There are 2 protein chains.
Amino acid sequence: MPDRDSQACETWRLFIQVLAVERSRLPTIASELGLSEAQCRVLELLDPSTSVSMCNVARALDCDPSNVTGIVDRLEARGLVERSPDRADRRVKKLMLTRVGKELRARLLERLAEPPAQIRSLSLSDQRALCAILQRVSGPARSSG
Amino acid sequence: MPDRDSQACETWRLFIQVLAVERSRLPTIASELGLSEAQCRVLELLDPSTSVSMCNVARALDCDPSNVTGIVDRLEARGLVERSPDRADRRVKKLMLTRVGKELRARLLERLAEPPAQIRSLSLSDQRALCAILQRVSGPARSSG
DNA sequence: TATTGTTATACTCTATAACTATA
DNA sequence: TATAGTTATAGAGTATAACAATA
């Protein structure tokens, strides 16, 4: 059905235009916080209440574990995260946010959550409709609620 | 009036979830074509029918002109683009796609235009509604400068 | 003097391969 | 043998500063 396909293409085209703005937002936010984009991704990933192993970070970032060493080295040098050995498996190192790291992560999430002017410019009813549609998008990590 | 603001935040949150998928799509498409993401951006930027100066590429990429030298060096080494001096201003070098470059650019744009499963999964009426709303999004007044 | 493009330098991210210490 | 993390190495993107050619 070319009808639906062509509609999807046009929708996607418009979607990408909004994406282009976001693409320039992240580097800006990152540099304002003195972070690289990769460091932001690790910070986002780390839950303040739990610890994560280095290899799980690598899996989440979809990169080689050797990269995580360097990224975490720099985060640790800034006092944002801490490595500690896992008692159950001594090969594993667990990563945890420091107090400062938790604070910076909160600021980062706050900035990332700020809707850009493009979204804010929409009328309330458009925003509600957009929201409703996006909730019906079936994504890889869709959760209830 | 947190009503509209909170609606915008929630809408943006959902928007970002779709964007997260795109973030992993671009590197995949790029590597399939044997390109880096920066090289893709330059290729996208170059209109097959006109030429662009190096400094305009730098402006469009929002990066230092010294970076463009390296990126274009590699594109040129692969025979995708050509530098030629501007007759009117001999400081300027104009960039143009080669025949091979035009072909690869077409393939790149084709891949980028493919709507991801998340968009295709929406019903036709949802896609139409989404499209209509996105058309009402006001861009950031093309602030290329 | 200002602009265009380049080079030199340094830092970060990225992948691969080899290594260690555990398991 | 396999896995977790590191190191070594190389390539690419990024920024700054200095430079030559040109305006």
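Just so we're clear, the structure is a prediction, and the values are computed from it rather than from any experiment. Note on naming: letters A, B, ... go to the chains in the order of the sequence lines (proteins, then strands), and numbering restarts at 1 for each one.
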Quick one: do B/Arg107 and B/Glu110 make a salt bridge, cutoff under 4.0 Å?
no

Whole-Å distance between C/dT14 C1' and A/Arg41 CZ?
11 Å

Rounded off to whole Å, could you give me the NZ-to-C1' distance for the A/Lys93 and D/dT6 pair?
7 Å

Assign each of A/Asp62 and A/Arg87 to its nearest nucleotide of DNA chain C by heavy atoms, then name whichever residue's nucleotide is nearer the 5' end.
A/Asp62

Whole angstroms only, please: what is the CD-C1' distance between A/Glu76 and C/dT12?
18 Å

Students often get this wrong, so: under 4.0 angstrom with heavy atoms, is B/Gln39 touching a base, only sugar-phosphate, or nothing?
sugar-phosphate

Over all atoms of both residues, closest heavy-atom pair of B/Lys94 and B/Ser51
NZ-OG, 3.6 Å

The residue, B/Lys94 or A/Asn67, whose nearest nucleotide of DNA chain C is more 5′ is B/Lys94

Between the base of C/dT16 and the side chain of A/Ser66, is there a donor-acceptor distance below 3.5 Å?
yes

Between C/dT16, D/dA15, D/dT6, spot the one nearest the side chain of A/Asp64, thanks.
C/dT16

Would you kindly give the CD1-to-P distance between A/Ile71 and C/dA15, to the nearest whole Å?
9 Å

Name the nucleic acid region contacted by B/Asp89, choosing base, sugar-phosphate or nothing; use a 4.0 angstrom heavy-atom cut-off, strictly under.
sugar-phosphate

Do A/Asp126 and B/Val137 have side chains that approach each other closer than 4.5 Å (heavy atoms only, starting at C-beta)?
no

Is any side-chain N of the basic residue among B/Glu44 and B/Arg41 closer than 4.0 Å to the acidic one's carboxylate O?
no

Name the nucleic acid region contacted by B/Ser36, choosing base, sugar-phosphate or nothing; use a 4.0 angstrom heavy-atom cut-off, strictly under.
sugar-phosphate

Taking atom P of C/dT4 as reference, at what distance in whole Å does atom CZ of B/Arg91 sit?
6 Å

Select one nucleotide: of C/dC13, C/dT4, D/dG13, the one nearest the side-chain heavy atoms of A/Arg74.
C/dC13

The nucleotide from C/dG5, D/dT7, D/dG13 with an atom nearest the side chain of B/Cys55 is C/dG5

When rounded to whole Å, the CG to P distance for the pair A/Leu95 and D/dG5 reads 9 Å

Nearest heavy-atom approach of B/Val68 to B/Met54 is CG1-CE, 3.7 Å

Looking only at side-chain atoms of A/Arg59, point me to the closest of D/dG5, D/dT14, D/dA4.
D/dA4

Can you check the A/Asn56 CG to D/dG5 C1' distance for me, whole Å?
13 Å

Nearest whole angstrom, please: distance from the C1' of C/dT4 to the CZ of B/Arg90.
13 Å

